[in-house]
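Written out below as structure tokens is the structure these notes cover.
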Amino acid sequence: MEQKIGVCNLCEAICGLVLTIDGDRVTGARGNPDDPLSRGHICPKGVAIGDVHSDPDRLTRPVRRDRATGAWTEIGWDEALDLVADGFAGVMNEHGRHALGIYLGNPNVHSLGSMTHGTALVKALKTPNTFSATSVDQLPHQLLGHLMFGHQLLLPVPDIDRTSYFLVFGGNPMASNGSLMTVPDFPGRLRELKARGGRMVVFDPRRTETAKVADEHHFLRPGSDPWVLLAMVRQLFVDGVAAAPSYAVGLDVVEQAVAPFTPAIAEQHSGVPAEDIVRIARNLAAADGAVAYGRIGVSTHEFGSVCQWAINLLNVLSGNLDRTGGAMFTSPAIDVVGTGLVGRGGHGRRQSRVRGLPESGGELPVAALREEIETPGDGQIRAMLTLSGNPVLSTPDGARLDRALEGLEFMAAVDIYINETTRHADVILPPTTALERDHYDLVFHVLAVRNTARFTPAVFPKDRDARHDWQIYRDLALRVTDRLRPKRSLLDRLKLRARMSVSPTRMIQVLLARGDSGTTITRLRKHPEGVDLGALRPDQLPDRLRTRDKTLDLAPTLVLDDLARLETVAAPAEGELLLIGRRHKQDCNSWMHNTERLTKGRPRHQLLMHPDDLAARGLTDGATVKVTSRVGTVEVDVRATDDVMPGVVSLPHGYGHGRAGVRLGVADQVPGVSINDLTDPERLDVSGNAALSGVPVTVA
Ligand SMILES: Nc1nc2c(c(=O)[nH]1)N[C@H]1C(S)=C(S)[C@@H](COP(=O)(O)OP(=O)(O)OC[C@H]3O[C@@H](n4cnc5c(=O)[nH]c(N)nc54)[C@H](O)[C@@H]3O)O[C@H]1N2
Ligand SMILES: Nc1nc2c(c(=O)[nH]1)N[C@H]1C(S)=C(S)[C@@H](COP(=O)(O)OP(=O)(O)OC[C@H]3O[C@@H](n4cnc5c(=O)[nH]c(N)nc54)[C@H](O)[C@@H]3O)O[C@H]1N2
Ligand code: SF4
Ligand SMILES: [Mo]
């Protein structure tokens with residue numbers, strides 16, 4: 001038995017762990033109390049992190065699928081990499097670069113090797129058909145970061161440890177542990193907030209775990225947030241407290257634009273009393289350090305960008321941007337924004353082939369993936385590569401995408417499981433997992449509520465015959481580009497080889513040395529618990545702005561233009577039912593369902609529905625019901641609860657395993673259906689983000 005410091009990469013909280021190791025197994029996991037960011041926090045998933053490592057269902061060698069019989073066989077790395085390179089190069093040489101589609105899933109941002117080498121692989125393959133989880137997640141945040149602050153990752157983070165007023169729209173950090181706000185131990189930090197006299201106010205159509213511990217919770221009709229948020233912004237003007245910093249432009253335009261959005265109209269759309277909207281706007285403005293925050297519930301929304309804009313405006317105009325206790329910018333040891341490691345983003349520079357949807361940050365909306373595969377013609381996707389992704393369960397109308405994948409000429413996946421998506425692959429290349437690789441978090445230190453830095457060496461040595469993800473990406477990039485015609489120049493190929501051969505750890509060493517935090521890899525190796533770089537720093541603007549003229553644009557045209565669309569939306573119809581998603585503490589998007597530790601106990605897959613809505617349809621608690629949307633029907637058990645407001649039903653996302661051909665051990669026994677068999681790829685935000693929330697459904 002031995003103790004080792006590890007890190008959990010299962011969610012954005014990036015908790016430091018102390019693991020008890022016996023041979024090549026984890027026999028115990030607890031939060032590391034010495035970690036300056038996570039302070040000893042751990043959740044049920046972190047406790048289960050060793051289960052992934054020892055999971056017999058996990059792939060450890062490449063596998064190949066026989067298309068005729070569907071049987072999988074293990075093959076060697078060389079053979080597997082050549083098969084994939086031949087498959088991709090064959091299709092690209094015959095039909096052009098766009099014939100390859102790529103989907104990057106969520107776990108990419110939780111792996112150092114994917115951050116350093118996965119993006120480089122995607123660049124090297126030069127296909128315009130790149131998609132990712134971003135467009136079923138935080139795209140509106142990135143778009144508004146780009147439009148207002150000049151960089152897609154320049155995202156203000158709630159200064160939760162010092163704020164006195166925390167206003168939450170569509171986030172459930174008590175279950176999700178926070179998002180675009182790396183906030184390990186949210187429950188503890190909330191207790192501290194309350195102990196110093198602060199308040200948390202939550203707007204959510206469900207009385208969530210977070211709503212239950214809030215000082216105020218307001219039900220609102222799904223999708224109605226823009227009216228409420230704009231009415232709050234308007235109130236700042238009405239009360240004469242709206243003020244913009246000297247480096248901001250467009251205040252007059254904003255005042256005019258929000259004028260029509262009165263609290264009374266917001267009440268009609270949302271069901272939130274007008275006087276509450278006015279009062280909360282006033283409380284926010286009056287608080288000594290306040291912050292508005294919005295997450296998945298207002299990102300995956302038909303007006304996600306308007307919502308994110310309004311949330312930014314609430315923070316700016318109430319004087320809380322870049323201020324202690326407000327919405328602040330981090331000063332990470334590796335500044336992916338300032339150094340230009342990640343591009344500033346962009347929008348609408350080209351359009352998708354079939355529906356003409358706008359590119360954002362170089363990617364197309366994943367809601368367009370299915371049609372780009374199915375629609376014949378020049379530019380059609382004929383081969384797919386998925387990198388840690390399960391879009392069949394994670395993206396709108398997944399059932400139809402499931403069928404579309406079957407028609408591909410070739411598919412490969414870099415993934416550790418045969419899942420609902422990778423089952424269509426001809427070859428799966430499984431990398432090592434979190435405990436076998438070094439980790440430095442390039443993404444989540446940038447979004448954290450405190451400045452810290454931490455380097456975690458691999459807990460277990462890599463098996464001799466195993467490959468890290470960055471090695472797979474390197475080999476794929478080199479082998480595919482070698483086969484592409486016309487042949488790329490020798491210089492280009494040498495550059496690529498040099499770029500891809502530097503290990504992620506070596507890159508971190510160089511990047512740390514280049515930064516001005518004084519943190520070196522040697523220091524971090526001496527302090528595997530992490531190094532504290534202090535609280536978030538105020539008054540960084542306008543210096544930190546990445547806009548070309550160093551101004552903050554309060555009134556981006558793209559969003560202003562979308563207000564006209566908002567004004568055409570009718571008030572809610574009588575008897576409507578709107579479907580929303582949910583997350584549970586023990587779930588991890590579409591995976592981790594094959595660890596018994598997380599799946600035993602009370603089932604949690606049910607459709608939640610208000611008792612009045614059940615009674616109105618003559619249904620009873622526990623019945624199996626048919627839920628139908630424009631795109632599909634699912635059958636699922638219903639659970640009566642007044643935790644959802646009348647007119648709202650809720651299904652968790654990431655369920656619906658046990659489809660034909662998928663064997664995931666324990667996960668096969670997990671009941672439930674995929675919410676994304678109901679969500680509609682036609683419902684989109686102006687950014688291109690899928691509007692997964694507030695889907696009109698019927699229940700019978
Ligand atoms: N209706 C609805 N849909 C949603 C959401 C919602 O709230 N509602 N949420 C959306 C959001 S926010 C997200 S981020 C997406 C997530 O959806 P996806 O992008 O599909 O990502 P995951 O489901 O997290 O994981 C996909 C796969 O990654 C593999 N994997 C895990 N770890 C590793 C690893 O270390 N290496 C490799 N190569 N593979 C690994 C697992 O096999 C897993 O099946 O879903 C989105 N879909
Ligand atoms: N346990 C667990 N933790 C996770 C994940 C997980 O799968 N499980 N996934 C991780 C990922 S990838 C992400 S992106 C984050 C997401 O982090 P969060 O955004 O905190 O996650 P959710 O629990 O989906 O919270 C969204 C909330 O929005 C509400 N909502 C739905 N529609 C609306 C609406 O129209 N208006 C308003 N105001 N609210 C609405 C829902 O009821 C829900 O409570 O969580 C991360 N952490
Ligand atoms: S909160 Fe997130 S990072 Fe922390 S232990 Fe749980 S899953 Fe892991
Ligand atoms: Mo996400």
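We count ligands from 1, going down the list as the structure has it; atoms in each ligand are counted the same way.
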Near [X], which atoms of ligand 2 are under 4.0 Å from a heavy atom of that residue?
X: Ala175; result: 1 (N), 2 (C), 3 (N)
X: Leu220; result: 37 (C), 38 (N)
X: Asp225; result: 34 (C), 35 (O), 36 (N), 37 (C), 38 (N)
X: His584; result: 1 (N), 2 (C), 8 (N)
X: Asp204; result: 27 (C), 28 (O), 29 (C), 41 (C), 42 (O), 43 (C), 44 (O)
X: Thr208; result: 44 (O)
X: Gly171; result: 19 (O), 20 (O), 25 (O), 27 (C)

Region of Asn172 engaging ligand 2 - heavy atom pairs below 4.0 Å: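 Both backbone and side chain.
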For Asn177, which part has a heavy atom under 4.0 Å from ligand 2: side chain, backbone, both, or neither?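 Asn177 to ligand 2: no contact under 4.0 Å from either part.
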Among pairs that include at least one residue of residues 601-610, which meet side-chain hydrogen bond (donor to acceptor under 3.5 Å, both in side chains), considering only residues two or more places apart or in two chains?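 Every pair satisfying side-chain hydrogen bond (donor to acceptor under 3.5 Å, both in side chains) with a residue in residues 601-610: Asp587-Arg604, Arg604-Tyr655, His605-Asp637.
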Considering residues at least two apart in sequence or located in another chain, which fulfil the salt bridge (Lys or Arg N to Asp or Glu O under 4.0 Å) criterion with Asp685?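 So Asp685 forms no salt bridge (Lys or Arg N to Asp or Glu O under 4.0 Å) with any residue.
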Any idea which heavy atoms bring Val298 and Phe169 closest together, and the distance?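 For Val298 versus Phe169, the nearest heavy atoms are CG2-O, 3.6 Å.
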Check step by step if salt bridge (charged side-chain N to carboxylate O under 4.0 Å, His left out) holds for Asp51 and Arg597. CA-CA 9 Å; Asp51 297 356; Arg597 218 189 287 257; 2.8 Å; yes
Answer yes or no: does an N/O atom from Phe203 fall short of 3.5 Å to an N/O atom of ligand 2?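 N/O-N/O distance below 3.5 Å exists for this pair.
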With nothing but distance in play, are any N or O atoms of Pro205 less than 3.5 Å from an N or O of ligand 2?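 No, no N or O pair falls under 3.5 Å.
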Can you name the residues that come within less than 4.0 Å of ligand 1, going by heavy atoms only?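 Lining ligand 1: Tyr103, Gly105, Asn106, Pro107, Ala133, Val136, Asp137, Ile296, Ser388, Gly389, Asn390, Ser394, Val414, Asp415, Ile416, Tyr417, Asn419, Pro431, Arg437, Arg583, Asn589, Ser590, Trp591, His653, Ile675, Asn676, Leu692.
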Distance only, no hydrogens: is a donor on one side chain within 3.5 Å (strictly under) of an acceptor on the other, for Ser299 and Gln138?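 Result is no, nothing qualifies.
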Side chains of Thr432 and His468: any donor to acceptor distance under 3.5 Å?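 The criterion, which ignores hydrogens and geometry beyond distance, is satisfied for Thr432 and His468.
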Does some non-hydrogen atom of Gly223 fall short of 4.0 Å from ligand 2?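 Under 4.0 Å: yes for Gly223.
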Is Glu209 paired with Lys585 through a side-chain N to carboxylate O contact shorter than 4.0 Å?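 A salt bridge is absent here (no side-chain N lies under 4.0 Å from a carboxylate O).
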Give me the ring orientation class for Phe186 and Phe166: parallel if the planes are under 30° apart, tilted from 30 to 60°, perpendicular past 60°.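 If you compare the ring of Phe186 with that of Phe166, the planes turn out tilted.
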Taking it one step at a time, do Asp137 and Thr134 satisfy side-chain hydrogen bond (donor to acceptor under 3.5 Å, both in side chains)? CA-CA 5 Å; Asp137 191 345; Thr134 292; over 6 Å; no
Apply the test side-chain hydrogen bond (donor to acceptor under 3.5 Å, both in side chains) to residues Arg58 and Asn594: give CA-CA distance (whole Å), side-chain angles for both, the deciding distance (0.1 Å), then the verdict. CA-CA 10 Å; Arg58 177 165 70 88; Asn594 49 331; over 6 Å; no
Name the one of Asn390, Thr395, Asp402 that satisfies side-chain hydrogen bond (donor to acceptor under 3.5 Å, both in side chains) with Thr421?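 Of all the options given, the one that passes is Asn390.
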Listed pairs under 3.5 Å, donor-acceptor, residues 411-418 side chains, sequence neighbours left out:
from   : atom 1 : to     : atom 2 : distance (Å)
Asp415 : OD1    : Tyr417 : N      : 3.0
Tyr417 : OH     : Asp55  : OD2    : 2.7

